[in-house]
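Data block below; observations after.
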Amino acid sequence: MGYLIETVYFLTAVVFIVGLKRMSHPTTARSGIVWAGYGMVLATLFSFAHPQIQAGPGNYVLMVIAIAIGGVIAWWGAKKVEMTAMPQMIAIYNGMGGGAAAAIAAVELLKDHGGGGPETHVLIMAVAGALIGAVAFSGSVIAFGKLQELKFFKDDAKFRFTGQQKFNAAVFGTAVVLGLVIALTHSSNGALISVFFLLALAFGAMMALPIGGADMPVVISLFNAFTGLAVALEGFVLGNSAMIIAGIIVGSSGTLLTLMMAKAMNRSVSNVLFSNWAALASGEAQAVTGSLKAMEPPDAAIQMAYASKVIIVPGYGMAVAQAQHKIWEMCKLLIERDVVVKFAIHPVAGRMPGHMNVLLAEAGVPYDLIFDMDEINEEFSTADVALVIGANDVVNPAARTDKSSPIYGMPILNVDYAKNVQVIKRGKGVGFAGIENALFFADNTRMVYGDAQKVTAGLIQGIKDLG
Amino acid sequence: MEAVVSFFSPIYILMLAAILGYEIIGKVPVILHTPLMSGTNFVHGIVLVGAMVALGQAVTPLEQAIGFLAVLLGAGNAVGGYFVTERMLEMFKSSKGQEK
(Lines give C-alpha, C1' and ligand atoms only; values in the text may rest on other atoms or scores of the structure.)
Protein backbone atom coordinates (compact mmCIF):
# COMPACT_ATOMS: atom_id res chain seq x y z
CA MET A 1 0.00 0.00 0.00
CA GLY A 2 2.85 2.33 0.82
CA TYR A 3 4.15 2.26 -2.75
CA LEU A 4 0.70 2.99 -4.18
CA ILE A 5 0.21 6.02 -1.90
CA GLU A 6 3.66 7.37 -2.70
CA THR A 7 3.00 6.94 -6.43
CA VAL A 8 -0.26 8.85 -6.13
CA TYR A 9 1.43 11.65 -4.16
CA PHE A 10 4.18 11.80 -6.76
CA LEU A 11 1.60 12.14 -9.55
CA THR A 12 -0.20 14.80 -7.51
CA ALA A 13 2.99 16.82 -7.18
CA VAL A 14 3.59 16.57 -10.93
CA VAL A 15 0.03 17.64 -11.73
CA PHE A 16 0.28 20.61 -9.31
CA ILE A 17 3.45 21.80 -11.00
CA VAL A 18 2.03 21.42 -14.51
CA GLY A 19 -1.19 23.10 -13.33
CA LEU A 20 0.61 26.11 -11.88
CA LYS A 21 2.68 26.38 -15.04
CA ARG A 22 -0.49 26.42 -17.17
CA MET A 23 -2.06 28.98 -14.85
CA SER A 24 0.70 31.40 -15.78
CA HIS A 25 -0.79 32.10 -19.23
CA PRO A 26 -4.34 33.38 -19.82
CA THR A 27 -5.21 30.92 -22.62
CA THR A 28 -4.27 27.84 -20.61
CA ALA A 29 -5.01 29.18 -17.12
CA ARG A 30 -8.42 27.59 -16.71
CA SER A 31 -7.14 24.13 -17.66
CA GLY A 32 -4.30 24.63 -15.14
CA ILE A 33 -6.61 24.84 -12.15
CA VAL A 34 -8.65 21.90 -13.45
CA TRP A 35 -5.49 19.77 -13.70
CA ALA A 36 -4.49 20.72 -10.17
CA GLY A 37 -8.03 19.94 -9.02
CA TYR A 38 -7.82 16.37 -10.36
CA GLY A 39 -4.56 15.94 -8.46
CA MET A 40 -6.19 17.07 -5.23
CA VAL A 41 -9.16 14.71 -5.63
CA LEU A 42 -6.86 11.79 -6.39
CA ALA A 43 -4.60 12.47 -3.40
CA THR A 44 -7.59 12.87 -1.06
CA LEU A 45 -9.30 9.65 -2.15
CA PHE A 46 -6.17 7.52 -1.83
CA SER A 47 -5.30 9.05 1.55
CA PHE A 48 -8.24 7.18 3.06
CA ALA A 49 -6.07 4.09 2.59
CA HIS A 50 -2.92 5.69 4.03
CA PRO A 51 -0.87 3.09 5.93
CA GLN A 52 -0.23 5.50 8.81
CA ILE A 53 -3.94 5.50 9.65
CA GLN A 54 -4.31 2.83 12.31
CA ALA A 55 -7.33 3.83 14.38
CA GLY A 56 -10.78 2.29 14.11
CA PRO A 57 -13.70 3.06 11.77
CA GLY A 58 -14.91 5.90 14.04
CA ASN A 59 -12.16 8.14 12.77
CA TYR A 60 -13.12 7.43 9.14
CA VAL A 61 -16.66 8.57 9.88
CA LEU A 62 -15.26 11.76 11.44
CA MET A 63 -13.09 12.31 8.34
CA VAL A 64 -16.01 12.07 5.95
CA ILE A 65 -18.19 14.36 8.10
CA ALA A 66 -15.41 16.96 8.41
CA ILE A 67 -14.71 16.95 4.67
CA ALA A 68 -18.42 17.25 3.92
CA ILE A 69 -18.97 20.20 6.30
CA GLY A 70 -15.78 22.07 5.37
CA GLY A 71 -16.24 21.38 1.66
CA VAL A 72 -19.88 22.42 1.44
CA ILE A 73 -19.41 25.66 3.41
CA ALA A 74 -16.37 26.61 1.33
CA TRP A 75 -18.10 25.69 -1.94
CA TRP A 76 -21.15 27.75 -1.05
CA GLY A 77 -18.99 30.74 -0.06
CA ALA A 78 -16.91 30.51 -3.23
CA LYS A 79 -19.99 30.45 -5.48
CA LYS A 80 -21.70 33.36 -3.72
CA VAL A 81 -18.81 35.81 -3.35
CA GLU A 82 -18.83 39.02 -5.40
CA MET A 83 -15.78 39.53 -7.61
CA THR A 84 -14.98 42.75 -5.73
CA ALA A 85 -14.75 40.73 -2.49
CA MET A 86 -12.29 38.20 -3.94
CA PRO A 87 -9.21 39.33 -1.96
CA GLN A 88 -10.79 38.75 1.45
CA MET A 89 -12.21 35.42 0.28
CA ILE A 90 -8.71 34.26 -0.69
CA ALA A 91 -7.55 35.45 2.73
CA ILE A 92 -10.09 33.36 4.61
CA TYR A 93 -9.40 30.16 2.63
CA ASN A 94 -5.71 30.70 3.16
CA GLY A 95 -6.29 31.13 6.89
CA MET A 96 -8.10 27.78 6.94
CA GLY A 97 -5.03 26.08 5.44
CA GLY A 98 -2.78 27.67 8.06
CA GLY A 99 -5.17 26.60 10.80
CA ALA A 100 -5.20 23.03 9.47
CA ALA A 101 -1.39 22.90 9.52
CA ALA A 102 -1.36 24.20 13.09
CA ALA A 103 -3.99 21.67 14.13
CA ILE A 104 -1.97 18.81 12.63
CA ALA A 105 0.99 19.96 14.71
CA ALA A 106 -1.23 20.09 17.81
CA VAL A 107 -2.30 16.46 17.34
CA GLU A 108 1.33 15.37 16.89
CA LEU A 109 2.56 17.34 19.90
CA LEU A 110 -0.24 16.23 22.23
CA LYS A 111 0.47 12.54 21.63
CA ASP A 112 2.00 10.83 24.61
CA HIS A 113 5.54 10.11 23.43
CA GLY A 114 6.45 8.21 26.61
CA GLY A 115 10.01 9.52 26.52
CA GLY A 116 10.59 8.10 23.03
CA GLY A 117 8.54 9.23 20.04
CA PRO A 118 9.80 11.38 17.20
CA GLU A 119 13.32 12.75 17.20
CA THR A 120 14.00 16.27 18.48
CA HIS A 121 14.58 17.81 15.04
CA VAL A 122 11.20 16.50 13.90
CA LEU A 123 9.52 18.09 16.92
CA ILE A 124 11.27 21.39 16.19
CA MET A 125 9.78 21.32 12.68
CA ALA A 126 6.35 20.50 14.12
CA VAL A 127 6.58 23.47 16.49
CA ALA A 128 7.85 25.82 13.76
CA GLY A 129 4.99 24.76 11.46
CA ALA A 130 2.52 25.22 14.29
CA LEU A 131 3.77 28.75 14.99
CA ILE A 132 3.74 29.84 11.33
CA GLY A 133 0.41 28.16 10.61
CA ALA A 134 -1.28 29.72 13.66
CA VAL A 135 0.02 33.17 12.73
CA ALA A 136 -1.28 32.74 9.16
CA PHE A 137 -4.66 31.61 10.54
CA SER A 138 -5.38 34.44 12.97
CA GLY A 139 -3.72 37.05 10.73
CA SER A 140 -5.83 36.00 7.74
CA VAL A 141 -9.02 36.15 9.78
CA ILE A 142 -8.18 39.75 10.77
CA ALA A 143 -7.31 40.57 7.13
CA PHE A 144 -10.70 39.22 6.08
CA GLY A 145 -12.46 41.33 8.71
CA LYS A 146 -10.67 44.48 7.62
CA LEU A 147 -11.25 44.07 3.88
CA GLN A 148 -14.87 43.11 4.50
CA GLU A 149 -15.04 46.47 6.30
CA LEU A 150 -16.61 44.99 9.42
CA LYS A 151 -17.46 47.77 11.83
CA PHE A 152 -15.09 46.60 14.55
CA PHE A 153 -12.08 47.12 12.30
CA LYS A 154 -13.12 50.50 10.86
CA ASP A 155 -10.54 52.59 12.66
CA ASP A 156 -6.95 51.44 12.15
CA ALA A 157 -5.67 54.00 14.64
CA LYS A 158 -7.35 52.42 17.65
CA PHE A 159 -5.17 49.35 17.19
CA ARG A 160 -1.97 51.35 17.33
CA PHE A 161 -0.23 52.12 20.60
CA THR A 162 3.24 53.18 21.61
CA GLY A 163 5.68 50.35 22.12
CA GLN A 164 3.46 48.11 20.01
CA GLN A 165 6.32 46.58 18.06
CA LYS A 166 8.25 45.77 21.24
CA PHE A 167 5.13 44.24 22.76
CA ASN A 168 4.53 42.12 19.64
CA ALA A 169 8.16 41.06 19.60
CA ALA A 170 7.87 40.00 23.26
CA VAL A 171 4.78 37.88 22.52
CA PHE A 172 6.53 36.30 19.53
CA GLY A 173 9.72 35.70 21.52
CA THR A 174 7.81 34.01 24.35
CA ALA A 175 6.02 31.75 21.86
CA VAL A 176 9.35 30.75 20.29
CA VAL A 177 10.88 29.96 23.70
CA LEU A 178 7.86 27.89 24.75
CA GLY A 179 7.97 26.05 21.42
CA LEU A 180 11.64 25.20 21.92
CA VAL A 181 10.93 23.96 25.45
CA ILE A 182 8.16 21.70 24.08
CA ALA A 183 10.40 20.32 21.34
CA LEU A 184 13.58 19.87 23.38
CA THR A 185 11.93 18.24 26.40
CA HIS A 186 9.59 16.12 24.20
CA SER A 187 6.78 17.46 26.37
CA SER A 188 3.17 16.56 25.72
CA ASN A 189 1.93 18.79 28.55
CA GLY A 190 -1.50 20.10 27.50
CA ALA A 191 -1.29 23.38 29.41
CA LEU A 192 2.13 24.27 27.99
CA ILE A 193 1.02 23.47 24.44
CA SER A 194 -2.21 25.47 24.85
CA VAL A 195 -0.34 28.58 26.02
CA PHE A 196 2.06 28.20 23.10
CA PHE A 197 -0.80 28.12 20.60
CA LEU A 198 -2.63 31.02 22.24
CA LEU A 199 0.49 33.19 22.05
CA ALA A 200 1.04 32.26 18.39
CA LEU A 201 -2.58 33.09 17.51
CA ALA A 202 -2.40 36.37 19.44
CA PHE A 203 0.77 37.37 17.61
CA GLY A 204 -0.81 36.76 14.18
CA ALA A 205 -3.81 38.91 15.06
CA MET A 206 -1.72 41.72 16.55
CA MET A 207 0.56 41.71 13.52
CA ALA A 208 -2.36 42.25 11.11
CA LEU A 209 -4.53 44.62 13.20
CA PRO A 210 -2.69 47.93 12.72
CA ILE A 211 -2.19 47.47 8.96
CA GLY A 212 -4.38 49.64 6.72
CA GLY A 213 -6.71 48.26 4.04
CA ALA A 214 -4.56 49.53 1.16
CA ASP A 215 -1.59 47.46 2.30
CA MET A 216 -3.64 44.34 3.03
CA PRO A 217 -2.99 42.53 -0.32
CA VAL A 218 0.72 42.38 0.45
CA VAL A 219 -0.04 40.96 3.87
CA ILE A 220 -2.49 38.37 2.51
CA SER A 221 0.13 37.27 0.00
CA LEU A 222 2.68 37.00 2.81
CA PHE A 223 0.32 34.87 4.90
CA ASN A 224 -0.22 32.71 1.81
CA ALA A 225 3.53 32.05 1.67
CA PHE A 226 3.48 31.40 5.45
CA THR A 227 0.79 28.75 5.08
CA GLY A 228 2.79 27.07 2.32
CA LEU A 229 5.80 26.90 4.61
CA ALA A 230 3.73 25.59 7.53
CA VAL A 231 2.25 22.87 5.30
CA ALA A 232 5.72 21.86 4.13
CA LEU A 233 7.02 21.68 7.72
CA GLU A 234 4.13 19.48 8.81
CA GLY A 235 4.81 17.41 5.68
CA PHE A 236 8.30 16.73 7.03
CA VAL A 237 6.81 15.74 10.38
CA LEU A 238 4.37 13.28 8.77
CA GLY A 239 6.87 12.13 6.12
CA ASN A 240 4.37 13.22 3.44
CA SER A 241 6.15 14.12 0.20
CA ALA A 242 3.10 15.70 -1.50
CA MET A 243 2.78 18.18 1.37
CA ILE A 244 6.50 18.95 1.34
CA ILE A 245 6.68 19.70 -2.38
CA ALA A 246 3.39 21.60 -2.67
CA GLY A 247 4.10 23.55 0.52
CA ILE A 248 7.58 24.61 -0.50
CA ILE A 249 6.46 25.64 -4.00
CA VAL A 250 3.76 27.85 -2.48
CA GLY A 251 6.21 29.16 0.10
CA SER A 252 8.75 30.29 -2.47
CA SER A 253 6.30 31.49 -5.14
CA GLY A 254 4.25 33.27 -2.48
CA THR A 255 7.32 35.06 -1.19
CA LEU A 256 8.22 36.23 -4.69
CA LEU A 257 4.64 37.35 -5.34
CA THR A 258 4.67 39.32 -2.07
CA LEU A 259 7.88 41.10 -3.07
CA MET A 260 6.47 41.89 -6.54
CA MET A 261 3.29 43.35 -5.06
CA ALA A 262 5.20 45.46 -2.55
CA LYS A 263 7.47 46.73 -5.33
CA ALA A 264 4.49 47.69 -7.49
CA MET A 265 3.19 49.76 -4.58
CA ASN A 266 6.60 51.33 -4.07
CA ARG A 267 6.74 49.95 -0.53
CA SER A 268 9.07 47.48 1.07
CA VAL A 269 7.55 44.52 2.89
CA SER A 270 8.99 45.67 6.22
CA ASN A 271 7.52 49.10 5.54
CA VAL A 272 4.09 47.57 5.10
CA LEU A 273 4.37 45.49 8.25
CA PHE A 274 5.86 48.04 10.59
CA SER A 275 4.55 51.42 9.55
CA ASN A 276 1.61 53.15 7.90
CA TRP A 277 0.80 55.96 5.47
CA ALA A 278 0.13 58.50 8.19
CA ALA A 279 3.56 58.00 9.68
CA LEU A 280 5.16 58.16 6.23
CA ALA A 281 3.72 61.46 5.04
CA SER A 282 6.37 63.87 6.19
CA GLY A 283 6.30 67.57 5.43
CA GLU A 284 3.82 69.51 3.34
CA ALA A 285 3.22 68.44 -0.22
CA GLN A 286 3.64 71.17 -2.84
CA ALA A 287 0.55 73.29 -3.30
CA VAL A 288 -1.41 72.46 -6.43
CA THR A 289 -2.07 75.37 -8.77
CA GLY A 290 -4.74 75.77 -11.43
CA SER A 291 -8.45 75.18 -11.33
CA LEU A 292 -10.87 72.28 -11.73
CA LYS A 293 -12.73 72.43 -15.04
CA ALA A 294 -15.99 70.52 -15.25
CA MET A 295 -17.45 68.88 -18.36
CA GLU A 296 -20.89 67.39 -19.06
CA PRO A 297 -21.26 63.75 -20.24
CA PRO A 298 -22.60 64.64 -23.76
CA ASP A 299 -19.54 66.78 -24.48
CA ALA A 300 -17.25 64.07 -23.14
CA ALA A 301 -19.02 61.55 -25.37
CA ILE A 302 -18.45 63.70 -28.47
CA GLN A 303 -14.78 64.08 -27.64
CA MET A 304 -14.36 60.30 -27.43
CA ALA A 305 -16.55 59.45 -30.43
CA TYR A 306 -14.40 61.59 -32.75
CA ALA A 307 -11.10 60.45 -31.27
CA SER A 308 -8.92 57.90 -33.02
CA LYS A 309 -7.54 56.41 -29.82
CA VAL A 310 -9.00 56.26 -26.31
CA ILE A 311 -7.21 54.78 -23.31
CA ILE A 312 -9.33 53.90 -20.30
CA VAL A 313 -7.80 53.90 -16.83
CA PRO A 314 -10.08 52.09 -14.38
CA GLY A 315 -9.66 52.12 -10.60
CA TYR A 316 -11.32 50.47 -7.65
CA GLY A 317 -13.93 53.27 -7.57
CA MET A 318 -15.31 51.96 -10.87
CA ALA A 319 -15.71 48.47 -9.42
CA VAL A 320 -17.42 49.77 -6.28
CA ALA A 321 -19.93 51.61 -8.47
CA GLN A 322 -20.32 48.38 -10.53
CA ALA A 323 -19.73 50.48 -13.66
CA GLN A 324 -17.49 48.00 -15.50
CA HIS A 325 -20.36 46.51 -17.55
CA LYS A 326 -21.50 49.96 -18.69
CA ILE A 327 -17.93 50.93 -19.51
CA TRP A 328 -17.54 47.89 -21.75
CA GLU A 329 -20.89 48.68 -23.43
CA MET A 330 -19.57 52.17 -24.16
CA CYS A 331 -16.29 50.76 -25.48
CA LYS A 332 -18.13 48.49 -27.90
CA LEU A 333 -19.94 51.55 -29.33
CA LEU A 334 -16.59 53.31 -29.72
CA ILE A 335 -15.02 50.28 -31.39
CA GLU A 336 -17.93 50.21 -33.86
CA ARG A 337 -16.98 53.78 -34.76
CA ASP A 338 -13.41 52.57 -35.46
CA VAL A 339 -11.97 54.17 -32.36
CA VAL A 340 -9.01 52.24 -30.96
CA VAL A 341 -9.84 51.43 -27.33
CA LYS A 342 -7.32 50.15 -24.80
CA PHE A 343 -7.41 49.61 -21.07
CA ALA A 344 -4.43 50.62 -18.95
CA ILE A 345 -4.02 48.82 -15.64
CA HIS A 346 -1.80 50.03 -12.86
CA PRO A 347 -0.24 47.17 -10.86
CA VAL A 348 -2.22 48.12 -7.76
CA ALA A 349 -5.50 49.02 -9.46
CA GLY A 350 -8.27 47.25 -7.62
CA ARG A 351 -7.32 45.74 -4.34
CA MET A 352 -4.45 43.54 -5.35
CA PRO A 353 -2.34 43.13 -8.47
CA GLY A 354 -4.47 41.53 -11.16
CA HIS A 355 -7.75 42.15 -9.33
CA MET A 356 -8.84 44.80 -11.86
CA ASN A 357 -8.22 42.35 -14.70
CA VAL A 358 -10.59 39.92 -13.03
CA LEU A 359 -13.24 42.62 -12.62
CA LEU A 360 -12.93 43.67 -16.27
CA ALA A 361 -12.99 40.05 -17.40
CA GLU A 362 -16.23 39.62 -15.43
CA ALA A 363 -17.74 42.43 -17.50
CA GLY A 364 -16.65 40.67 -20.70
CA VAL A 365 -13.66 42.83 -21.66
CA PRO A 366 -11.28 40.62 -23.71
CA TYR A 367 -7.85 40.39 -22.14
CA ASP A 368 -6.04 41.41 -25.33
CA LEU A 369 -7.43 44.94 -24.92
CA ILE A 370 -5.98 45.18 -21.40
CA PHE A 371 -2.42 46.38 -20.95
CA ASP A 372 0.01 46.58 -18.05
CA MET A 373 1.51 49.89 -17.07
CA ASP A 374 4.87 49.08 -18.65
CA GLU A 375 3.27 48.06 -21.93
CA ILE A 376 1.11 51.14 -22.37
CA ASN A 377 2.81 54.05 -20.66
CA GLU A 378 4.56 55.08 -23.89
CA GLU A 379 1.23 55.23 -25.71
CA PHE A 380 -0.47 57.96 -23.69
CA SER A 381 1.25 60.66 -25.74
CA THR A 382 -0.46 59.31 -28.90
CA ALA A 383 -3.90 59.00 -27.28
CA ASP A 384 -6.58 61.58 -28.04
CA VAL A 385 -8.49 60.90 -24.85
CA ALA A 386 -7.48 59.25 -21.59
CA LEU A 387 -10.55 58.41 -19.52
CA VAL A 388 -9.82 58.01 -15.80
CA ILE A 389 -12.63 56.35 -13.89
CA GLY A 390 -12.44 55.73 -10.18
CA ALA A 391 -8.64 55.96 -10.06
CA ASN A 392 -6.73 58.68 -8.27
CA ASP A 393 -3.32 58.20 -6.67
CA VAL A 394 -2.04 55.94 -9.48
CA VAL A 395 -2.39 58.79 -12.01
CA ASN A 396 -1.05 61.58 -9.81
CA PRO A 397 1.92 63.24 -11.56
CA ALA A 398 3.19 64.37 -8.15
CA ALA A 399 4.68 60.87 -7.84
CA ARG A 400 7.10 61.89 -10.63
CA THR A 401 7.89 65.45 -9.63
CA ASP A 402 7.11 66.29 -6.00
CA LYS A 403 9.76 64.93 -3.64
CA SER A 404 7.77 65.89 -0.54
CA SER A 405 4.71 63.90 -1.60
CA PRO A 406 4.10 60.64 0.27
CA ILE A 407 3.65 58.83 -3.03
CA TYR A 408 6.86 60.25 -4.57
CA GLY A 409 8.68 57.57 -6.56
CA MET A 410 5.65 55.32 -7.02
CA PRO A 411 5.40 54.30 -10.69
CA ILE A 412 2.30 55.93 -12.21
CA LEU A 413 0.36 55.84 -15.45
CA ASN A 414 1.38 58.84 -17.55
CA VAL A 415 -2.19 59.90 -18.16
CA ASP A 416 -1.28 63.61 -18.21
CA TYR A 417 0.65 63.08 -21.49
CA ALA A 418 -2.58 62.38 -23.40
CA LYS A 419 -4.04 65.17 -25.53
CA ASN A 420 -7.22 65.27 -23.46
CA VAL A 421 -7.92 63.80 -20.07
CA GLN A 422 -11.40 63.08 -18.74
CA VAL A 423 -11.83 62.17 -15.10
CA ILE A 424 -15.07 60.62 -13.87
CA LYS A 425 -15.29 61.30 -10.17
CA ARG A 426 -17.97 61.29 -7.54
CA GLY A 427 -16.85 64.49 -5.83
CA LYS A 428 -13.84 66.59 -5.03
CA GLY A 429 -12.40 64.27 -2.37
CA VAL A 430 -8.83 63.03 -2.23
CA GLY A 431 -7.57 59.47 -2.86
CA PHE A 432 -6.46 56.64 -0.59
CA ALA A 433 -3.18 58.38 0.21
CA GLY A 434 -5.10 61.49 1.27
CA ILE A 435 -3.44 63.94 -1.11
CA GLU A 436 -4.58 66.37 -3.84
CA ASN A 437 -4.09 65.22 -7.41
CA ALA A 438 -2.31 67.71 -9.67
CA LEU A 439 -3.68 65.90 -12.72
CA PHE A 440 -7.21 67.15 -11.98
CA PHE A 441 -6.00 70.76 -12.17
CA ALA A 442 -4.03 70.37 -15.41
CA ASP A 443 -4.98 72.43 -18.50
CA ASN A 444 -5.89 69.39 -20.60
CA THR A 445 -8.06 67.79 -17.89
CA ARG A 446 -11.86 67.95 -17.66
CA MET A 447 -13.78 66.65 -14.66
CA VAL A 448 -17.01 64.74 -15.27
CA TYR A 449 -18.68 64.70 -11.86
CA GLY A 450 -21.18 62.11 -10.75
CA ASP A 451 -21.79 58.47 -9.96
CA ALA A 452 -19.66 56.33 -12.28
CA GLN A 453 -22.61 54.26 -13.48
CA LYS A 454 -24.85 57.25 -14.23
CA VAL A 455 -22.08 59.17 -15.95
CA THR A 456 -21.22 56.18 -18.12
CA ALA A 457 -24.89 55.75 -19.03
CA GLY A 458 -24.82 59.42 -20.06
CA LEU A 459 -21.73 58.81 -22.19
CA ILE A 460 -23.39 55.84 -23.91
CA GLN A 461 -26.46 57.95 -24.66
CA GLY A 462 -24.22 60.74 -25.95
CA ILE A 463 -22.45 58.42 -28.39
CA LYS A 464 -25.73 56.87 -29.55
CA ASP A 465 -27.22 60.31 -30.19
CA LEU A 466 -24.47 60.96 -32.73
CA GLY A 467 -25.94 58.12 -34.80
CA MET B 1 26.14 6.20 3.91
CA GLU B 2 22.47 5.36 3.71
CA ALA B 3 21.74 7.56 6.71
CA VAL B 4 23.52 10.45 5.00
CA VAL B 5 21.48 10.00 1.82
CA SER B 6 18.19 9.84 3.70
CA PHE B 7 19.17 12.98 5.62
CA PHE B 8 20.04 14.92 2.47
CA SER B 9 17.27 13.84 0.10
CA PRO B 10 14.57 16.02 1.79
CA ILE B 11 16.99 18.95 1.60
CA TYR B 12 17.40 18.38 -2.14
CA ILE B 13 13.61 18.21 -2.54
CA LEU B 14 13.30 21.46 -0.61
CA MET B 15 15.88 23.27 -2.72
CA LEU B 16 14.50 22.08 -6.07
CA ALA B 17 10.89 22.81 -5.10
CA ALA B 18 11.84 26.29 -3.91
CA ILE B 19 13.58 27.08 -7.21
CA LEU B 20 10.64 25.69 -9.15
CA GLY B 21 8.13 27.87 -7.28
CA TYR B 22 10.27 30.93 -7.90
CA GLU B 23 10.59 30.14 -11.63
CA ILE B 24 6.89 29.51 -12.19
CA ILE B 25 5.84 32.84 -10.68
CA GLY B 26 8.67 34.85 -12.19
CA LYS B 27 7.19 34.65 -15.70
CA VAL B 28 3.58 35.37 -14.85
CA PRO B 29 2.01 38.53 -16.31
CA VAL B 30 0.54 40.98 -13.78
CA ILE B 31 -2.96 40.35 -15.12
CA LEU B 32 -2.89 36.88 -13.61
CA HIS B 33 -1.46 37.77 -10.20
CA THR B 34 -4.73 37.57 -8.28
CA PRO B 35 -5.88 34.25 -9.82
CA LEU B 36 -2.40 32.83 -9.38
CA MET B 37 -2.23 33.79 -5.73
CA SER B 38 -5.57 32.07 -5.41
CA GLY B 39 -4.19 29.07 -7.32
CA THR B 40 -1.19 28.70 -5.00
CA ASN B 41 -3.66 29.09 -2.14
CA PHE B 42 -5.51 26.06 -3.54
CA VAL B 43 -2.29 24.06 -3.90
CA HIS B 44 -1.45 24.28 -0.21
CA GLY B 45 -4.91 22.82 0.38
CA ILE B 46 -2.99 19.52 0.10
CA VAL B 47 -2.71 20.01 3.86
CA LEU B 48 -6.02 18.11 3.80
CA VAL B 49 -4.24 14.77 3.28
CA GLY B 50 -1.98 15.46 6.27
CA ALA B 51 -5.02 16.37 8.34
CA MET B 52 -6.66 13.08 7.37
CA VAL B 53 -3.59 11.15 8.50
CA ALA B 54 -3.46 13.13 11.75
CA LEU B 55 -7.11 12.39 12.45
CA GLY B 56 -6.55 8.76 11.48
CA GLN B 57 -3.90 8.46 14.17
CA ALA B 58 -5.89 10.25 16.85
CA VAL B 59 -6.70 8.19 19.93
CA THR B 60 -8.02 10.41 22.72
CA PRO B 61 -11.20 12.49 22.25
CA LEU B 62 -9.12 15.70 22.40
CA GLU B 63 -6.86 14.48 19.58
CA GLN B 64 -9.93 13.46 17.62
CA ALA B 65 -11.51 16.89 18.10
CA ILE B 66 -8.40 18.73 16.94
CA GLY B 67 -7.95 16.27 14.06
CA PHE B 68 -11.57 16.83 13.05
CA LEU B 69 -10.96 20.60 13.04
CA ALA B 70 -7.82 20.08 10.92
CA VAL B 71 -9.70 18.05 8.29
CA LEU B 72 -12.57 20.56 8.26
CA LEU B 73 -10.23 23.52 7.75
CA GLY B 74 -8.11 21.65 5.21
CA ALA B 75 -11.18 20.69 3.17
CA GLY B 76 -12.33 24.33 3.28
CA ASN B 77 -8.96 25.48 1.98
CA ALA B 78 -8.91 22.97 -0.88
CA VAL B 79 -12.55 23.28 -1.99
CA GLY B 80 -12.87 27.05 -1.54
CA GLY B 81 -9.49 27.68 -3.15
CA TYR B 82 -10.46 25.61 -6.18
CA PHE B 83 -13.82 27.22 -6.85
CA VAL B 84 -12.74 30.87 -6.45
CA THR B 85 -9.74 30.27 -8.72
CA GLU B 86 -11.83 28.48 -11.31
CA ARG B 87 -14.47 31.24 -11.25
CA MET B 88 -11.84 33.90 -11.87
CA LEU B 89 -9.98 32.04 -14.61
CA GLU B 90 -13.16 31.07 -16.42
CA MET B 91 -13.80 34.72 -17.19
CA PHE B 92 -10.57 35.38 -19.04
CA LYS B 93 -11.40 35.45 -22.74
CA SER B 94 -9.68 36.97 -25.76
CA SER B 95 -11.65 38.99 -28.32
CA LYS B 96 -11.50 36.02 -30.72
CA GLY B 97 -12.93 33.66 -28.12
CA GLN B 98 -15.82 36.01 -27.45
CA GLU B 99 -17.23 35.91 -30.96
CA LYS B 100 -17.94 32.19 -30.72
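Chain letters run A, B, ... following the sequence lines, proteins first and then strands; every chain starts at 1.
- Looking only at side-chain heavy atoms (C-beta outward), B/Val49 and A/Phe46 stay at 4.5 Å or farther from each other.
- Heavy atoms closer than 4.5 Å to chain A are found in both the backbone and the side chain of B/Leu14.
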Going by atom type alone, with no hydrogens or angles, which donor-acceptor pairs under 3.5 Å involve a side-chain atom of residues 61-83 of chain A and a protein atom two or more places apart or on another chain?
none

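- Using a 4.5 Å cut-off between heavy atoms, A/Ile92 makes no contact with chain B at all.
- Looking only at side-chain heavy atoms (C-beta outward), A/Tyr60 and B/Leu55 stay at 4.5 Å or farther from each other.
- Nearest heavy atom pair, residue A/Leu20 against residue B/Gly39, reads CD2-C, 4.4 Å.
- Contact annotation: the side chain of B/Thr34 never approaches that of A/Pro87 to less than 4.5 Å [non-hydrogen atoms, C-beta and beyond].
- With a threshold of 4.5 angstrom between heavy atoms, B/Leu62 approaches chain A through side-chain atoms but not through N, CA, C or O.
- Within residues 228-237 of chain A, the residues having any heavy atom less than 4.5 Å from a heavy atom of chain B are, in residue-number order, A/Gly228, A/Val231, A/Phe236.
- Using a 4.5 Å heavy-atom threshold, the side chains of B/His33 and A/His355 count as separate.
- Interface residue A/Ile17: backbone and side-chain heavy atoms are both found under 4.5 Å from chain B.
- Only the side chain of A/Met86 comes within less than 4.5 Å of a heavy atom of chain B; its backbone N, CA, C and O stay farther away.
- For the side-chain contact (heavy atoms from CB on, under 4.5 Å) test with A/Ile249, the passing option among B/Ile19, B/Thr40, B/Leu20, B/Val43 is B/Leu20; the others fail.
- Donor-acceptor pairing under 3.5 Å is recorded for the side chains of A/Asn224 and B/His44.
- In this structure, chain A has heavy atoms under 4.5 Å from both the backbone and the side chain of B/Ile66.
- Under 4.0 Å is where a charged nitrogen must lie from a carboxylate oxygen, and between B/Glu86 and A/Arg30 at least one such pair does.
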